[in-house]
Amino acid sequence: GAEGSTLMSYFSKHQIQALKPKITFSTLRDLQCPVLQSNDLQGKPEESCSTEELFEWLGAVLNQVSLDNKSSSFLSTYCCPEPNTVVEKAFLCTITGFIIPEKIIQLLEQLCCYFSEPKLAYWLTLTVHGFADSPVSWRESEHGFHKGGENLYNFVIFRNLDYWLHMAVGAHDDCPP
């Protein structure tokens with residue numbers, strides 16, 4: 001109706017266009033990675049790291065925080081959890097934009113295909129992060145911004161196609177079912 005055509009003329013007049021997602025690739029060299037066992041979520045001393053340790057490590061990697069625990073660092077003295085292994089090359093792909101759930105499922109399926117080729121990775125991860133000030137969260141609740149606006153989930157997929165799923169929301173938000 002008239003409302004639709006008014007909106008269309010507004011968008012064309014102000015040249016507002018749908019933004020294509022921005023994709024960036026980077027290679028992380030000699031990256032310290034936690035050792036994980038798909039069937040051991042709690043981790044075992046000297047054998048594998050827990051899901052919480054992995055989640056914390058992932059946050060440091062995605063925010064490009066140094067993992068070498070230098071006392072001279074004003075930013076962070078974080079170090080990779082034990083046990084860990086050094087990976088010669090790790091690939092990081094970041095897609096920024098409004099991405100529909102179907103595309104996320106497609107990405108997950110494509111990532112799983114990675115294991116069918118003779119690759120060396122034991123696991124890979126996909127993090128989906130909502131905007132901190134997004135008006136919606138899971139279920140019927142509004143998204144409470146309050147402090148950090150946490151609003152994300154993270155898949156860790158293993159070579160045998162087992163997976164872990166982390167979910168993080170702010171203290172005032174509903175947790176997903």
How far apart are the closest heavy atoms of [X] and [Y], and which atoms are they?
X      : Y      : answer
Leu124 : Leu111 : CD2-O, 3.6 Å
Cys33  : Trp123 : CB-CZ2, 4.4 Å
Met167 : Tyr153 : CG-CB, 4.1 Å

field: Where at least one partner belongs to residues 29-50, residue pairs that pass salt bridge (charged side-chain N to carboxylate O under 4.0 Å, His left out), sequence neighbours excluded
entry: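 Counting only pairs at least two positions apart or across chains, the salt bridge (charged side-chain N to carboxylate O under 4.0 Å, His left out) contacts touching residues 29-50 are Asp40-Lys44.
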message: Go through it in stages, so that I can follow the logic: the residues are Tyr122 and Leu36, the test is side chain to side chain contact (heavy atoms under 4.5 Å, CB included), and I'd like the CA-CA distance, side-chain angles, deciding distance and then a yes or no.
response: CA-CA 9 Å; Tyr122 288 100; Leu36 306 176; over 6 Å; no
Main chain of [Y], side chain of [X]: is a donor-acceptor contact present, judged purely on distance under 3.5 Å?
X     : Y     : result
Trp57 : Gln32 : yes
Asn84 : Pro81 : yes
Glu53 : Ser50 : yes

- prompt: How far does CG of Leu126 sit from SG of Cys112, to the nearest 0.5 angstrom?
  reply: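 One gets 9.5 Å once the value is rounded to the nearest 0.5 Å.
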- request: Mind checking the SG-CG spacing from Cys49 to Leu41? Nearest 0.5 Å is all I need.
  value: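 It is 12.5 Å, given to the nearest 0.5 Å.
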What pairs of donor and acceptor atoms, side-chain ones from residues 86-104 against any protein atom, are under 3.5 angstrom apart with sequence neighbours left out?
none

[Y] and [X], any side-chain heavy atoms less than 4.5 Å apart:
X      : Y      : answer
Phe155 : Val128 : no
Tyr163 : Val156 : no
Ile157 : Leu108 : yes

field: Residues forming a salt bridge (Lys or Arg N to Asp or Glu O under 4.0 Å) with Asp162, sequence neighbours excluded
entry: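 Not a single residue meets the salt bridge (Lys or Arg N to Asp or Glu O under 4.0 Å) criterion with Asp162.
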- request: Decide whether a cation-pi geometry holds between Arg159 and Phe115; the criteria are a distance under 6.0 Å from NZ or CZ to the six-membered ring centre and an angle within 45° of the ring axis.
  value: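 Verdict for Phe115: no cation-pi partner in Arg159.
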task: Please name all residues satisfying ring-ring contact (aromatic ring centres under 6.0 Å, His included) with Phe55, sequence neighbours left out, ordered by chain then number.
output: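 Counting only residues at least two positions away or on another chain, Phe55 forms a ring-ring contact (aromatic ring centres under 6.0 Å, His included) with His166.
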message: Can you list everything that forms a side chain to side chain donor-acceptor pair (under 3.5 Å) with Thr125? Sequence neighbours excluded, please.
response: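 Side chain to side chain donor-acceptor pair (under 3.5 Å) check on Thr125 returns Asn154.
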query: Are Leu107 and Phe25 connected, step by step, through hydrophobic side chains (Ile, Leu, Val, Met, Phe, Trp, Tyr) whose heavy atoms are closer than 4.5 Å?
result: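 Yes, Leu107 connects to Phe25 through the hydrophobic network.
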Flag if over 12 foreign heavy atoms under 6.0 Å of CD, Gln42: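 Incorrect, the count does not exceed 12.
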